[in-house]
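Here the structure is laid out as structure tokens; the discussion comes afterwards.
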Amino acid sequence: MKIDEIGNINSLHDFYLFLEEYVLFLEKDHDIVESLLKYKNKIDSEKEKQQLQWEIEVFLFSFIGGKIFSFSTSNGTSIGEVMEYPQLDQYQSEALEFIKRRAKDSTAALLKARYYHVLWKSPLKNKNFAENAIENYITAIVQCVNLIDREDNYSHLIGKLYENLVAITQEAKVSNEHAKGMAASLLSDQRLSFWAKHGIVDDMLKYSKIFKANDFENVLPIFEQRIKGIEAKSDDFMLVNYHLPTAIKVAQKLRSDIKKWHNEIGLAYIRMANKEIDEGRNWIKLDNYRNAINAFRLAGNSSEKEATEQLYFELKPKVRLEEFRVDFDEETVKKLQEFQEELRTKAQNLLKEEPDYIYSLIAKGTFFPKYNDVLDAARNKKATFLDFVTTLHFDGNKNISKHSEDTEERREILEIYGNRIKETLLPFLHYVIVLGTKSGHLTSKNFILFLIHHSWIGKPHVRIDLNGNPEQTNWIFQIAPAISEFFNQVLAWGESKYYNPNFILCTDSLTLKIEGLFRNFSERLNISTSKGKRNGVQEVMAHDVINNEIIRKYFDDSDRLLFDYVFSNEGGLNLRNNIAHCFYNENEYHPDKMLLLLAVLLRLGKYNIKNK
């Protein structure tokens, strides 16, 4: 590893020579910050340490789709004040002057591009910074392309740099000829992978102010060449889900025939179906046929459509599922699609309102299933002829458990509630929060400010420590990092195809902090959260706090139902337990869990403890 060579470097001058020589390699492997830290920790000079710290902070920013993201957050000095770190609008003037010098003195195009991009985003904002950033992004991209002959894994970096290039070009409103020329050069370069070229085409479609229809003239042959090279099943999967839909968008731009591309999607699904030879996976094969039929319909290829319909018909009797399956008819599917579009429209209309109003509606439970409706549905669903059957339940770790009649009834209520949450509430909240965050209407800042101004959660609390001294705390400081992380992940998710969101950190943090909020809620009401056990008095678990009869009487029925669903160990998600004991794998950290946690936060925070 190149980073290991830092141990032999004995001067800042030599370190900069090392950094500039290997910067592309280090950036490709995400090692720039690590190399800066490693050398900083090695030296004694305070002046050089400060300079390296400024360098580190330059790389703590990530430019994604024209927006800037910070990799860390910290609390302000005043209660209720939450700040991002580092903030460009509060960047020390001395640091900015240092960055200007580095931008001028550096010989590495990638470093210069980064420095100038940071300066463009800073209070020193100057169009010359943007133009210099663009010039150096182009040079860095060319250097990466030239390295492909020796190492073929620079495609991701090339795509990321090009995305920054077009973003700053559109933002600074400078000449777009460089961005266009770079796109044409990359798309015609035989050394560049199709994957990288597809990303560039995707950027061209995204930045429509720069790229017009005539800029896509030579794009479709790239996709035609890709179709000829399809070999593996995984290639066809990418083809139908990502690549050919992009080709269709390009064809629409050019007003050329899109039927041929739908036909290619149909053929790809047929290939995928033919490669499924395991009888246990016949349901996957059938679904591939279904997708092929729809693609051939859009392509106007009636002969292939009818042939695939026959294959679909012949395969249906051979499908075996361990779980039962109900296929919706076309009318039901159409209604479901219309319902989803209706939810989206309602969310867009709601987003015309002020953020505080939106948060207040969630806090009131306006969009949530009502307790009485769920209870009625559970009573009507009950099948008495199955009362004699003993039901076994398997949890996520294959543990078997039996439940009494009372807990089985509660489990059924939570199951119905959960289904309604998944069918209506979560899609609606997803549209509201994701679209609102992407547009900038909903932010971590105005969410936190709502909690500060409109909930007990944002109010200071005084407790007495073991020494008898009063200690003032504020829960905002503990929950703010998780909230900021969630909004940052959603922003990055929506801004760049190169970014894979990760909701592990914010979900883990907020889940455990909400358990603390329930304890503090009880503490403010002077209700015990301790229980005597063999080893002494200990704090009870989250679901035990929620199940406290006094606490349950304080919340209304619909709020209790939500809290039970999220935290209960008897039919609910049991989120706290699954998080604390690491029962979830990385694929189970869906953003829907964070949407539920934010809803719990708002609905718990609405209660006025003093006036109750």
Side-chain angles (χ1 to χ4, degrees), residues 61-69 88 103 109-122 124-146 154-223 246-256 438-440 491-492 494-499:
F61 293 110
S62 179
F63 297 105
I64 298 177
K67 293 189 177 180
I68 189 168
F69 292 87
L88 287 182
L110 188 144
L111 291 175
K112 292 174 79 72
R114 164 62 67 132
Y115 297 139
Y116 281 121
H117 204 155
V118 169
L119 290 168
W120 161 251
K121 289 287 189 179
S122 76
L124 301 179
K125 202 178 192 77
N126 185 302
K127 188 169 285 190
N128 288 332
F129 293 146
E131 292 172 343
N132 281 321
I134 291 168
E135 178 184 344
N136 283 284
Y137 274 130
I138 291 173
T139 302
I141 291 169
V142 172
Q143 290 171 346
C144 288
V145 172
N146 291 334
Y154 277 87
S155 292
H156 186 277
L157 180 55
I158 291 170
K160 182 179 177 182
L161 294 175
Y162 185 76
E163 185 180 50
N164 290 346
L165 166 65
V166 292
I168 196 172
T169 296
Q170 181 165 299
E171 183 182 351
K173 298 179 181 179
V174 297
S175 171
N176 56 30
E177 293 305 314
H178 295 299
K180 289 187 175 186
M182 192 75 255
S185 175
L186 291 172
L187 293 177
S188 63
D189 197 316
Q190 298 301 314
R191 295 170 294 178
L192 205 61
S193 68
F194 171 80
W195 185 91
K197 291 182 179 181
H198 177 263
I200 292 163
V201 173
D202 205 25
D203 283 327
M204 293 170 66
L205 290 167
K206 180 179 178 181
Y207 291 92
S208 56
K209 291 182 180 179
I210 297 177
F211 297 97
K212 305 305 178 184
N214 62 316
D215 296 312
F216 293 86
E217 289 293 342
N218 298 316
V219 169
L220 289 179
I222 297 172
F223 291 88
T246 300
I248 290 172
K249 292 177 183 177
V250 173
Q252 289 171 331
K253 276 254 183 201
L254 295 171
R255 297 185 179 180
S256 66
K438 187 176 180 180
S439 67
L491 274 173
E495 286 297 324
S496 175
K497 61 194 159 292
Y498 298 103
Y499 188 80

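Both backbone and side-chain heavy atoms feed into the values below; hydrogens, waters and symmetry mates do not.
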query: For the atom pair CG (N164) and NE2 (H117), what is the distance rounded to the nearest 0.5 Å?
result: 6.0 Å

- prompt: Side chains of H178 and T169: closer than 4.5 Å at any heavy-atom pair?
  reply: no

query: Between R114 and N136, is any side-chain donor less than 3.5 angstrom from a side-chain acceptor?
result: no

query: Is a side-chain N or O of S185 found less than 3.5 angstrom from the main chain of G181, in a donor-acceptor match?
result: no

query: Closest heavy-atom contact between M204 and A183?
result: SD-CB, 4.1 Å

Results of side chain to side chain donor-acceptor pair (under 3.5 Å) for Y115 - residues two or more places apart only: E55, R102

message: Looking at S208, is its backbone amide N or carbonyl O close enough to the side chain of K212 to form a donor-acceptor pair, meaning the two atoms are under 3.5 Å apart?
response: yes

query: So, for A179 and V166, which heavy atoms are closest and what is the spacing to 0.1 Å?
result: CB-CG1, 4.0 Å

- prompt: Residues two or more places apart in sequence or in another chain: which of them pass side chain to side chain donor-acceptor pair (under 3.5 Å) with K249?
  reply: none

task: Report the distance from atom OH of Y207 to atom NZ of K180, rounding to the nearest 0.5 Å.
output: 15.5 Å

message: For the OG atom of S496 and the CG atom of D203, what is their distance to the nearest 0.5 Å?
response: 7.5 Å

task: Kindly give the heavy-atom pair with the smallest separation between C144 and L161, and that separation in Å.
output: SG-CD1, 4.1 Å

Distance (rounded to the nearest 0.5 Å) between I134 CD1 and F129 CZ: 13.5 Å

- request: Describe, in one word, how the ring planes of Y162 and F211 are oriented to each other, choosing from parallel (under 30°), tilted (30 to 60°) and perpendicular (over 60°).
  value: tilted

- request: Decide yes or no on side chain to side chain contact (heavy atoms under 4.5 Å, CB included) for K112 and N132, but give the supporting numbers first.
  value: CA-CA 8 Å; K112 292 174 79 72; N132 281 321; over 6 Å; no

query: Atom CD in Q143, atom CD1 in I158: separation rounded to 0.5 Å?
result: 11.0 Å

query: Any side-chain heavy-atom pair from Y116 and E135 closer than 4.5 angstrom?
result: no

message: Please find the pair of heavy atoms, one from G199 and one from Y498, that lie closest to each other, and give the distance.
response: CA-OH, 3.5 Å

field: Close side-chain approach of L205 to K253, heavy-atom, < 4.5 Å
entry: yes

message: Rounded to the nearest 0.5 Å, what separates atom CG in D189 from atom CG in N146?
response: 8.0 Å

Distance-minimising heavy-atom pair for F216 and L254: O-CD1, 3.5 Å

- prompt: Looking at L192, V219, D202, L186, which one forms a side chain to side chain contact (heavy atoms under 4.5 Å, CB included) with K197?
  reply: L192

- prompt: Can you find a heavy atom in the side chain of M182 that is under 4.5 Å from one in the side chain of Y137?
  reply: no

message: Looking at N218, I want to see if its CG is surrounded by more than 12 non-hydrogen atoms of other residues, nucleotides or ligands under 6.0 Å.
response: no

NE2/H156: more than 12 non-hydrogen atoms of other groups inside 6.0 Å: yes

- request: Compare every heavy atom of D215 with every heavy atom of I210, then report the nearest pair and how far apart it is.
  value: O-OD2, 3.8 Å

- prompt: Would one find more than 12 heavy atoms of other residues, nucleotides or ligands at under 6.0 Å from atom NZ of K438?
  reply: no

Non-hydrogen side-chain atoms of I138 and L165 separated by less than 4.5 Å: yes

